[in-house]
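The structure appears below as structure tokens.
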Amino acid sequence: MDKTYQPHEIEKSWYKTWEEKGYFAPQGGDDAFSIMIPPPNVTGSLHMGHGFNNAIMDCMTRYNRMKGKNTLWQPGTDHAGIATQMVVERQLAAQGIDRKELGREKFLEKVWDWKEESGGNITNQIRRLGSSVDWSRERFTMDPGMSDAVQEVFIRLHKEDLIYRGKRLVNWDPKLNTAISDLEVENKDKKGHMWHFRYPLADGLTTKDGLSYIVVATTRPETMLGDTGVAVNPEDPRYKDLIGKFIELPLVGRRIPIVGDEHADMEKGTGCVKITPAHDFNDYEVGKRNKLPMINILTFNGDIRATAEVFNTNGEESNDYPTDLPSEFIGMERFAARKAIVAKFDEIGLLDEVKDHDLTVPYGDRGGVVIEPMLTDQWYVRVEALAKPAVEAVENGDIQFVPKSYENMYFAWMRDLNDWCISRQLWWGHRIPAWYDDEGKVYVGANESEVRSQNNLSDDINLRQDNDVLDTWFSSALWTFSTLGWPEKTKELETFHSTDVLVTGFDIIFFWVARMIMMTLKFTGEVPFKTVYVHGLVRDQEGQKMSKSKGNVLDPLDIIDGISLDDLVAKRTGGLMQPQMAAKIEKQTRKHYPEGIASYGTDALRFTFLSLASTGRDVKFDMSRLEGYRNFCNKLWNATRFVMESIGQTDDKPLTQIEIDDINNGHVELSLADQWIESRLQVAQKEVIDALENYRFDIAAQAIYDFVWNEYCAWYLELSKPVLWDENSTDAQKRAARRTLVSVLESILRMSHPMMPYITEEIWQSIAPIAGKAGDTIMLAPYPQFDESKVNAQSDTDIEWLKGVITGIRNIRAEMGIGPGKPVKCLFRNGSEDDQRRLQANDTFLKAMAKLEEITWLNDGDAAPLSATALVGKMEVLVPMAGNIDVAAELNRLTRAFDKNEKELGRVAGKLNNPKFVDKAPQEVLEKEKAKLADFESTSKKLSEQIEAIKAL
RNA sequence: AGUCGCGUAGCUCAGUUGGUUAGAGCGCUACCUUGACAUGGUAGAGGUCACCAGUUCGAAUCUGGUCGUGACUACCA
């Protein structure tokens with residue numbers, strides 16, 4: 001074995017072996033366990049969030065598999081409509097090709113090509129993370145089977161009138177030219193302006209104040225081209241007389257009414273609100289209430305149209321107004337038009353005022369440009385009826401969120417839902433199964449011929465299919481059951497649905513979790529999962545969300561394999577949407593990773609993720625923690641080297657079967673340490689199992705770390721040395737130590753395997769046969785169970801005593817400046833029978849671990865030399881001060897201990913002197929405090945005696 | 001503005017139904033290459049649990065408020 005842990009060597013080949021041997025496929029008992037991977041973007045690449053997510057899911061999966069359950073972790077990817085289409089469009093643009101020139105068919109071929117080319121990337125990454133998914137069942141949302149499911153769902157929902165089509169105001173992304181749902185809109189706080197415009201009253205009217213105009217304010221001046229009214233509050237004494245009158249819309253010359261609507265707030269702004277129903281969500285509602293026409297003035301790219309589109313309040317084309325727009329603005333980009341229109345108002349003396357204004361601006365989360373409310377035909381899901389059972393499933397506990405507090409978030413969102421806009425003006429995705437005849441009548445069905453036959457449409461009637469595709473989340477919402485074969489009634493569906501647990505970040509509870517619950521209940525009558533484990537979001541060391549545009553993303557593989565600083569900088573600054581950020585990103589990267597990133601290996605990364613998986617909302621990823629866990633792997637590795645060495649196994653000379661049988665079956669005489677470590681192992685196992693069952697991976701990781709490092713390595717390994725190295729030890733004693741070393745290590749490996757699959761498999765392969773365990777892989781070995789019969793409380797207190805003596809002497813050594821290599825004498829005074837028994841049983845351990853040349857037991861009245869002293873319970877451990885020892889230092893040490901003890905003594909005494917406490921506190925607590933008091937008093941007494949003795953010199 | 005969450009050691013975080021001498025890792029200080037491991041060992045230092053008030057015999061933990069901070073929702077004519 002190498003002297004240090006080398007993750008690369010270990011992690012190189014195991015995954016391939018596991019996969020090839022089919023260990024990931026479901027096998028095991030009748031009791032099933034299943035979990036669905038949240039499908040990542042097929043052409044994307046993994047980020048730290050995926051790494052975190054995968055570490056948790058794989059830990060659960062491996063744990064349940066080792067428990068003997070019929071375990072399925074279902075993998076797959078989604079088609080990520082917008083994101084993928086964007087990437088391919090950009091690639092084409094680089095070659096000077098436009099998507100529309102290419103045509104739909106050809107373009108889709110290109111996307112499929114790209115999927116073939118890059119789709120392996122993400123699955124490779126998942127493999128590198130060690131995720132034990134069943135690759136034989138890998139699914140993709142655009143697979144034929146899943147597409148059938150999507151179509152089936154659409155048609156059925158439509159039949160039940162839960163899907164409808166309508167002309168409505170939607171969030172429009174002018175860059176990507178598609179509608180997006182309100183969840184895909186990101187609101188950002190911006191500094192902007194509020195422009196006040198004067199709108200002249202028509203027909204020579206004046207206001208009460210004698211003005212010939214009213215003033216409206218807007219943050220989006222360009223929309224005024226589409227104004228079809230001005231609203232004032234019906235109660236507003238300033239303006240209510242004007243209701244029913246008209247104004248002359250500047251620049252356009254449109255005559256538009258003043259309407260009374262409560263939307264206009266008398267306290268706010270000027271009290272007059274311009275109404276642009278085709279370009280503002282509030283105005284849309286006001287327009288509907290007041291029967292105002294809607295005028296669309298923008299193209300899908302967000303430019304001013306050549307001619308406006310005029311609709312009546314029902315969304316039908318109308319001639320309520322002419323379609324002319326002022327020629328000087330035509331074709332202008334919306335923000336340029338804003339400037340030009342403000343300038344024009346200023347020029348003609350109608351710009352009343354400009355104020356600075358803080359506002360929230362909606363951005364598309366994909367395209368990154370300002371969203372424009374746009375009047376378009378879209379498909380919607382009516383969510384109200386679907387939401388009700390989805391809420392109930394959580395209320396009645398069929399689905400449980402962990403941590404529970406996320407249920408509030410879920411309910412809050414489910415309470416006020418908007419209908420879900422599911423159509424996207426893209427080519428990449430599931431095309432909407434709807435056909436239109438020449439009159440625009442809609443027919444929904446699986447395909448054209450079905451539509452014709454179901455609706456008795458003859459072949460000479462023209463039909464064309466809807467151009468749009470469905471939101472990717474529509475197909476993702478069917479993920480748990482469509483991956484298992486629905487709408488067929490498959491065996492998999494029966495066995496693995498509902499799934500046991502969904503592991504996801506809170507940021508997609510609405511996007512995905514809620515929609516899955518709604519759709520799955522609707523179509524299977526089952527919940528998609530029984531538990532939703534919600535983890536935090538991985539952030540960088542400054543607590544910032546990781547994003548490509550901020551340049552603070554990390555690829556988990558770069559942590560596993562390592563990356564040079566220059567490569568990391570290049571990776572982060574390449575392909576930026578905003579190239580001007582490059583310098584800042586480079587500076588930041590060089591600051592945070594002056595040496596680049598070392599290679600830490602998969603196990604250390606996974607263990608780090610799991611140790612960070614507490615109940616918090618954020619996970620700040622801390623490289624120093626990662627380093628600590630890499631060191632932990634090294635610790636485990638070297639402990640193994642020690643065990644191998646102790647049993648006489650070397651790389652080129654393995655143990656013979658006879659030698660192995662001897663270790664496992666020969667006569668043994670268990671030492672206190674042997675019994676103790678077995679006992680502690682049980683306690684650790686219980687802690688780990690309890691933590692895993694409660695989704696507290698941080699606690700499980702901590703328990704493993706603590707047991708391996710601070711008990712097995714720090715104490716047990718050290719305690720085994722005196723036995724193994726002492727010529728006077730019997731064979732039975734040595735055999736006991738060897739057997740214990742091996743069996744505890746083997747248990748540690750199985751206990752840790754779900755968290756650190758590679759190193760545990762690597763070591764297990766050589767340790768298991770020696771421990772007498774059969775099996776080809778640790779993956780399928782049984783998970784260790786808590787065995788109460790091996791818990792030994794006596795050994796625990798005895799070892800604590802031993803540790804106390806050793807630590808006490810080491811402390812004296814350190815404070816007195818006695819080097820660890822120098823043997824000292826030691827005397828025990830004022831010890832009990834128990835102390836004496838322990839001393840006899842542990843004489844060898846003590847001498848070896850505290851480097852003692854002689855131990856003397858003092859009986860009452862025996863004289864003691866002047867000594868430095870440590871207390872172990874009531875017993876005093878004396879290290880004689882052989883003349884050259886620092887008296888002042890010892891006095892100082894004792895005084896510090898005394899002061900500390902006095903403080904505690906005072907605190908406890910105060911409590912016990914309080915009659916109310918003595919009166920009301922439970923007996924149990926009272927006894928505990930009394931015992932503490934006695935201890936502190938005895939310690940104080942001893943320490944002051946010792947201080948006096950030193951002072952007397 | 002509303003809702004929810006958070007504030008514990010220099011840093012990153014645990015702290016289960018109120019009773020611990022408030023813990024861990026990293027970092028820090030001193031010492032140590034001793035035959036698993038310097039990716040190590042030994043011994044230490046370091047906290048008014050944001051602040052104020054309350055409930056209680058007893059509060060990091062429960063309640064109310066203040067301050068700071070984050071997320072989400074809404075508004076922003």
Side-chain angles (χ1 to χ4, degrees), chain A residues 1 3-5 187 192 194 196-197 215-220 230-231 263-265 268-276 280 282-283 286 357-361 405-406 408-409 412-413 416 506-507 510 537 541 543 545 598 600 604 611-612 614-646 690 694 696 698-699 702 705-706 710 713-714 717-718 721 725 807 810-815 817 819-821 851 900-901 903-904 907-908 911 914-922 924-926 928-929 932 936:
Chain A
M1 286 177 81
K3 191 174 168 182
T4 51
Y5 162 67
N187 293 306
M194 179 75 80
H196 291 232
F197 289 162
V215 177
V216 298
T218 180
T219 55
R220 294 190 297 150
V230 170
H263 170 66
D265 185 337
K268 238 154 113 187
T270 62
C272 304
V273 189
K274 65 193 267 311
I275 302 298
T276 324
D280 183 282
N282 285 314
D283 293 4
V286 177
H357 185 69
D358 295 330
L359 73 170
T360 318
V361 182
S405 56
Y406 286 104
N408 289 331
M409 203 175 180
W413 189 69
D416 51 359
F506 65 83
D507 53 331
F510 310 145
L537 252 45
Q541 49 271 82
K545 210 166 164 175
Y600 292 94
S611 75
L612 293 171
S614 62
T615 56
R617 262 159 87 119
D618 293 326
V619 175
K620 272 196 227 180
F621 194 82
D622 183 5
M623 295 300 283
S624 66
R625 226 144 145 193
L626 177 67
E627 191 174 331
Y629 293 122
R630 191 270 320 264
N631 295 352
F632 176 61
C633 292
N634 184 60
K635 195 75 182 173
L636 182 58
W637 183 257
N638 272 289
T640 304
R641 288 183 66 216
F642 174 78
V643 172
M644 294 298 193
E645 208 175 291
S646 305
D690 286 350
N694 288 296
R696 285 302 302 268
D698 59 327
I699 294 176
Q702 178 67 30
Y705 185 98
D706 199 51
N710 298 323
C713 291
L717 257 50
E718 294 306 320
K721 287 174 187 176
W725 296 348
T807 309
R810 282 175 179 170
N811 186 315
I812 290 171
R813 279 177 178 280
E815 299 271 346
K851 192 92 180 162
K900 196 177 162 194
N901 192 68
K903 215 175 111 192
E904 291 306 321
R907 211 177 51 81
V908 177
K911 253 189 190 178
N914 181 353
K916 285 184 188 166
F917 173 73
V918 179
D919 229 32
K920 298 198 176 175
E924 212 182 286
V925 174
L926 204 60
K928 223 165 129 188
E929 292 299 315
K932 269 193 227 166
F936 287 134

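Throughout, a chain's letter reflects where its sequence line sits, starting with A, and its residues are numbered from 1.
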May I ask you to check whether A:N634 and A:N638 show a side-chain donor-acceptor distance below 3.5 Å? yes
Any-strand Watson-Crick or G-U partner of [N], both distances under 3.5 Å:
{"N": "B:U61", "answer": "none"}
{"N": "B:C76", "answer": "none"}
{"N": "B:C26", "answer": "B:G10"}
{"N": "B:A38", "answer": "none"}
{"N": "B:U33", "answer": "none"}
{"N": "B:G70", "answer": "B:C4"}

Write down the distance separating the C1' atoms in B:U29 and B:G68, rounded off to the nearest Å. 33 Å
Please give the distance between the P atoms of B:G23 and B:G15 as a whole number of Å. 15 Å
Ignoring backbone atoms, establish whether [X] has a side-chain N or O less than 4.0 Å from OP1 or OP2 of [N].
{"X": "A:T219", "N": "B:C76", "answer": "no"}
{"X": "A:K721", "N": "B:G35", "answer": "no"}
{"X": "A:K620", "N": "B:U12", "answer": "yes"}
{"X": "A:R696", "N": "B:G15", "answer": "yes"}
{"X": "A:N638", "N": "B:U39", "answer": "no"}

Quick one: A:L537 CG to B:A71 P, roughly how many Å, whole number? 11 Å
Does A:K635 make a cation-pi contact with A:Y705 (under 6.0 Å, within 45 degrees of the axis)? no
